[in-house]
S.K.: 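I am attaching a structure below and will ask some questions about it afterwards.
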Amino acid sequence: MSEKQITGSEALMRSLISEGVDTIFGYPGGAIMPVFDALYDYKKQLRHVLVRHEQGATHAAQGYARVSGRTGVVLITSGPGATNTITGVADAMIDSTPIVVIAGQVTSSLLGTDAFQEIDLVGITQPVTKWAYQIRSAEDVAWAVARAFHIASTGRPGPVVLDFAKDAQINRIEYRPQKVTHIRSYIPVPEPDESAIAEAARIINGAKKPLALVGQGVIIGNVEKELLAFLNKADIPAGSTILGLSALPSDEPLNVGMLGMHGNIAPNLKTNECDVLIAIGMRFDDRVTGDLKTYARQARIIHFDIDPSEINKNVKTTVAVLGDAKETLAAVTRLLKENRHTEWRDSFKPLYDTEMERVVKSELYPVEGPVKMGELVNRVTEATGNDAIMVTDVGQNQMMAVRYFKYNRTRSVVTSGGLGTMGFGLPAAIGAKIGAPDRTVCLFVGDGGLQMTVQELGTIMQSGVEVKIILMNNSYLGMVRQWQELFHGKRYSETPMLNPDFVKIAEAYRIPGRKVTERADLDAAIAEMLDVKGSYLLEVVVEKKGMVYPMTPAGTCVTNIMLGDE
């Protein structure tokens, strides 16, 4: 046997390094043990972060990918190890996050026999991945890895799953690195249509009341500079989806706030007043559109997107501008006239003032009573100089965080958008800090969501990652309780939570913490949290039955906005 031959497991290590991988999130087990054995010799090139549950590995990989712009990598075993990743894979798919999940599998001769810890991972994951493939031969390793990273990271990004049979891990081959830059029938970036670009520019030049909707595609495609040039030249106000929030700085004059169910009044109402609606890298999610029958019926709609499947899927467009928005948006901008829409932009201000008076002031600046969730978020963002990465879990903590946290830089929002995965926050914050080690990472999480992945405090302990955990404890499953209060006659079925001593749990994982119950102690506690070197748990007892307003009830018109004081 040639001395040049190596095992499929070592071929995997070399292939990952060839793709520029430096970090792996994983958990070992029987069917992936040869790969972890090979990893032992590559510790200087590949950092492995040992999570406490495979779901945590996928969310950590997502957090890493979202802030770094690179592909996150997960390494886990077969059977339950593999099925534990499905939630994170589905989350990455709907939120367009590039991750590659590599799972162990039983030997090829046992496939289909219901062997110990065998599961049809390819069959399970095909509906929620860009590509799922089973590696049965060591000769296929380099090719499969190169193809996986190309598919995961190009076009509209997403998850890829590689199911790695154990004999393919052990067998020996002569390794040759591979690079995939083209796959027949896979067209990640459609060719721009010059006529569509010209028509989009013509419509925008003639608009009296244009409104841009900014999605995460702007961030994924690094289109922030082109977006700002486009908005400034034509003087177009822009609202953002939750995942698109940090594409524009919070203090950008043309940034008119957040769209959607708990978004700002102005961009939601103006959606049904504008004459031209320009969607850029967003998918018209139902939480943004509400009732499609009443959504922007008066407007001509221009949709910039890289994914042809999103065009006319939910909202019928007037002009579809397919392609890489970094190119197509710049091309449209070159054809635009310098314009000013002063009266139209000024019409947003009274709506901003209304929201400030009827919602924001009482939420951010209460003078008595328990600490409010929005107040807590506001004090944290101010203490960080609006320069931190905000990670959230899901629920009221998420909606308050995205409403009131502020951003100076792009790639500052990490949250579970389309799937709404409770338990996402803590592992995603770990990954985000590893992906952006020089930035402060603030996690906002509720008492319900924290307990879904609380074991990942062990990952923090072992890895030494620094995450500032802000726990909003209202002793409820807060968002479900809000819906019960509004739509189910205040019948709080199974939403009150009997909680443990969270600070003691954190201390058991060697993470310092503090519990705050009084407003007077809040600023000092936040300062202490930010000053401490390493991770910290700040538990704040917040208003038990706090409500997130504004709110547009699901499935209703975007102008049907509840402000909470009716």
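In this chain, numbering begins with 1 at the start of the sequence shown. Reckoned from all heavy atoms, side chains included, excluding hydrogens, waters and symmetry mates.
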S.K.: Does Pro308 offer a backbone N or O that forms a donor-acceptor pair with the side chain of Arg156 under 3.5 Å?
M.R.: no
S.K.: Would Val391 and Ile389 count as a side-chain contact (heavy atoms from CB on, under 4.5 Å) here? Give the steps.
M.R.: CA-CA 6 Å; Val391 184; Ile389 292 173; 4.1 Å; yes
S.K.: Looking at Ala525 and Arg514, what are the two nearest heavy atoms and their distance?
M.R.: CA-NH1, 3.5 Å
S.K.: So, taking the atom named CG in Leu364 and the one named CG in Leu376, what distance separates them when rounded to the nearest 0.5 Å?
M.R.: 11.0 Å
S.K.: Walk me through whether Ser309 and Asp307 qualify under side chain to side chain donor-acceptor pair (under 3.5 Å).
M.R.: CA-CA 5 Å; Ser309 72; Asp307 184 357; 2.8 Å; yes
S.K.: List the atom of Tyr509, the atom of Gln455, and the distance in Å for their closest heavy-atom pair.
M.R.: OH-CA, 4.0 Å
S.K.: Got a list of side-chain donor-acceptor pairs under 3.5 Å for residues 488-497, not counting sequence neighbours?
M.R.:
{"residue": "Tyr492", "atom": "OH", "partner": "Glu485", "partner atom": "OE1", "Å": "3.0"}
{"residue": "Thr495", "atom": "OG1", "partner": "Gln484", "partner atom": "OE1", "Å": "2.8"}

S.K.: Quick check: do Ile526 and Leu538 have side-chain heavy atoms less than 4.5 Å from each other?
M.R.: yes
S.K.: What residue pairs, at least two apart or across chains, pass salt bridge (charged side-chain N to carboxylate O under 4.0 Å, His left out) with a residue in residues 379-397?
M.R.: Glu375-Arg379, Arg379-Asp523, Asp387-Arg409
S.K.: Would you please say whether a donor-acceptor pair under 3.5 Å links the side chains of Ser416 and Asp91?
M.R.: yes
S.K.: When rounded to the nearest 0.5 angstrom, what is the spacing between CD1 in Ile278 and CD1 in Ile301?
M.R.: 11.0 Å
S.K.: Return the set of residues passing salt bridge (Lys or Arg N to Asp or Glu O under 4.0 Å) with Arg411 (not counting sequence neighbours), or none when no residue passes.
M.R.: none
S.K.: So, Asp285 and Arg283, do they make that salt bridge, N to O below 4.0 Å?
M.R.: yes
S.K.: Taking atom types as modelled and ignoring hydrogens, do the side chains of Lys270 and Ser347 form a donor-acceptor contact shorter than 3.5 angstrom?
M.R.: yes
S.K.: Measuring from atom CD of Glu54 to atom OG1 of Thr83, what distance do you get when rounded to the nearest 0.5 angstrom?
M.R.: 8.0 Å
S.K.: Would you say that Met258 contacts Arg403 through its side chain, given a criterion of any heavy-atom pair below 4.5 Å between the two side chains?
M.R.: yes
S.K.: Distance alone, cut at 3.5 Å: any donor-acceptor contact between the side chains of Thr87 and Gln55?
M.R.: no
S.K.: Any side-chain heavy atom of Leu277 within less than 4.5 Å of one from Leu213?
M.R.: yes
S.K.: Between Asn268 and Val558, is there a donor-acceptor pair closer than 3.5 Å when you use the side chain of the first and the backbone of the second?
M.R.: no
S.K.: Going by heavy atoms in the side chains, are Leu457 and Val454 under 4.5 Å from each other?
M.R.: yes
S.K.: Is it the case that Asn499 and Asp447 place a side-chain donor and acceptor less than 3.5 Å from each other?
M.R.: yes
S.K.: Distance from Ser463 atom OG to Ile434 atom CD1, nearest 0.5 Å?
M.R.: 5.5 Å
S.K.: Starting at CE of Met390, measure out to CG of Leu443 and round the result to the nearest 0.5 Å.
M.R.: 10.0 Å
S.K.: Scan side-chain atoms only and decide if Ser412 and Arg439 contain a donor-acceptor pair under the 3.5 Å cut-off.
M.R.: yes
S.K.: The criterion is side-chain hydrogen bond (donor to acceptor under 3.5 Å, both in side chains); which residues satisfy it with Arg300, sequence neighbours excluded?
M.R.: none
S.K.: Between Gln216 (side chain) and Gly281 (backbone), is there a donor-acceptor pair under 3.5 Å?
M.R.: no
S.K.: Can you check whether Phe284 and His303 have ring centres sitting under 6.0 Å from each other?
M.R.: yes
S.K.: Are the side chain of Asp235 and the backbone of His341 linked by a donor-acceptor contact shorter than 3.5 Å?
M.R.: yes
S.K.: For Pro157 versus Ile220, what's the shortest heavy-atom pair and its separation?
M.R.: CG-CG2, 3.4 Å
S.K.: Can you sort out the partners of Lys468 under side-chain hydrogen bond (donor to acceptor under 3.5 Å, both in side chains), two or more places apart, ordered by chain and number?
M.R.: Glu466
S.K.: Where is the tightest heavy-atom contact between Tyr549 and Leu486, given as atom of each residue plus distance?
M.R.: OH-CD2, 3.5 Å
S.K.: Does this structure show an ion pair linking Glu368 with Arg519, if we count only N-O contacts that are shorter than 4.0 Å?
M.R.: no
S.K.: Does a side-chain heavy-atom distance below 4.5 Å link Val288 with Tyr295?
M.R.: yes
S.K.: Between Lys208 and Trp344, which heavy-atom pair has the shortest distance, and what is it?
M.R.: O-CB, 3.9 Å
S.K.: Taking all non-hydrogen atoms of both residues, which atom of Pro98 and which atom of Ala152 are closest, and how far apart?
M.R.: CB-O, 3.3 Å
S.K.: Say you draw a straight line from CD of Gln451 to CE of Met422; how long is it, rounded to the nearest 0.5 Å?
M.R.: 9.0 Å
S.K.: Checking the side chain of Ser535 only, and the main-chain atoms of Val465 only, is there a donor and an acceptor separated by less than 3.5 Å?
M.R.: yes
S.K.: Under 30°, 30 to 60°, or over 60°: which ring-plane class applies to Phe405 and Tyr407, parallel, tilted or perpendicular?
M.R.: tilted
S.K.: Which pairs, with at least one residue in residues 541-558 and sequence neighbours excluded, count as a salt bridge (charged side-chain N to carboxylate O under 4.0 Å, His left out)?
M.R.: Lys372-Glu543
S.K.: For the residue pair Glu456 and Thr459, confirm or rule out a side-chain donor-acceptor distance under 3.5 Å.
M.R.: yes
S.K.: Spell out, as yes or no, whether a donor-acceptor pair under 3.5 Å connects the side chain of Lys361 to the backbone of Pro366.
M.R.: no
S.K.: With the threshold set at 4.0 Å, does a side-chain nitrogen-carboxylate oxygen contact exist between Glu273 and Lys209?
M.R.: no
S.K.: Would you please test Asn272 and Leu269 for side-chain contact (heavy atoms from CB on, under 4.5 Å) and show each step?
M.R.: CA-CA 6 Å; Asn272 276 16; Leu269 288 181; over 6 Å; no
S.K.: I'd like to know if the side chain of Asp291 pairs up with that of Thr556 as donor and acceptor (distance under 3.5 Å, no hydrogens or angles considered).
M.R.: no
S.K.: If only side-chain N and O atoms count, and only distance matters, is there a donor-acceptor pair under 3.5 Å linking Thr415 with Thr392?
M.R.: yes
S.K.: Using the rule given for side-chain contact (heavy atoms from CB on, under 4.5 Å), can you reason through Val540 versus Asn473, listing the C-alpha separation, both sets of side-chain angles and the distance that settles it, and then say yes or no?
M.R.: CA-CA 6 Å; Val540 180; Asn473 188 352; over 6 Å; no
S.K.: With the threshold set at 4.0 Å, does a side-chain nitrogen-carboxylate oxygen contact exist between Glu507 and Lys504?
M.R.: no
S.K.: Could you walk me through whether Glu252 and Leu228 pass side-chain contact (heavy atoms from CB on, under 4.5 Å), step by step?
M.R.: CA-CA 9 Å; Glu252 162 57 45; Leu228 203 53; 3.5 Å; yes
S.K.: For Tyr352, look at atom OH and say whether over 12 heavy atoms of other residues, nucleotides or ligands are found less than 6.0 Å away.
M.R.: no
S.K.: A side-chain contact here means heavy atoms from C-beta on lying under 4.5 Å apart; do Glu363 and Met373 qualify?
M.R.: yes
S.K.: More than 12 foreign heavy atoms under 6.0 Å from CD of Glu518: is that the case here?
M.R.: no
S.K.: Hey, does Asn255 have a side-chain heavy atom less than 4.5 Å from the side chain of Pro249?
M.R.: no
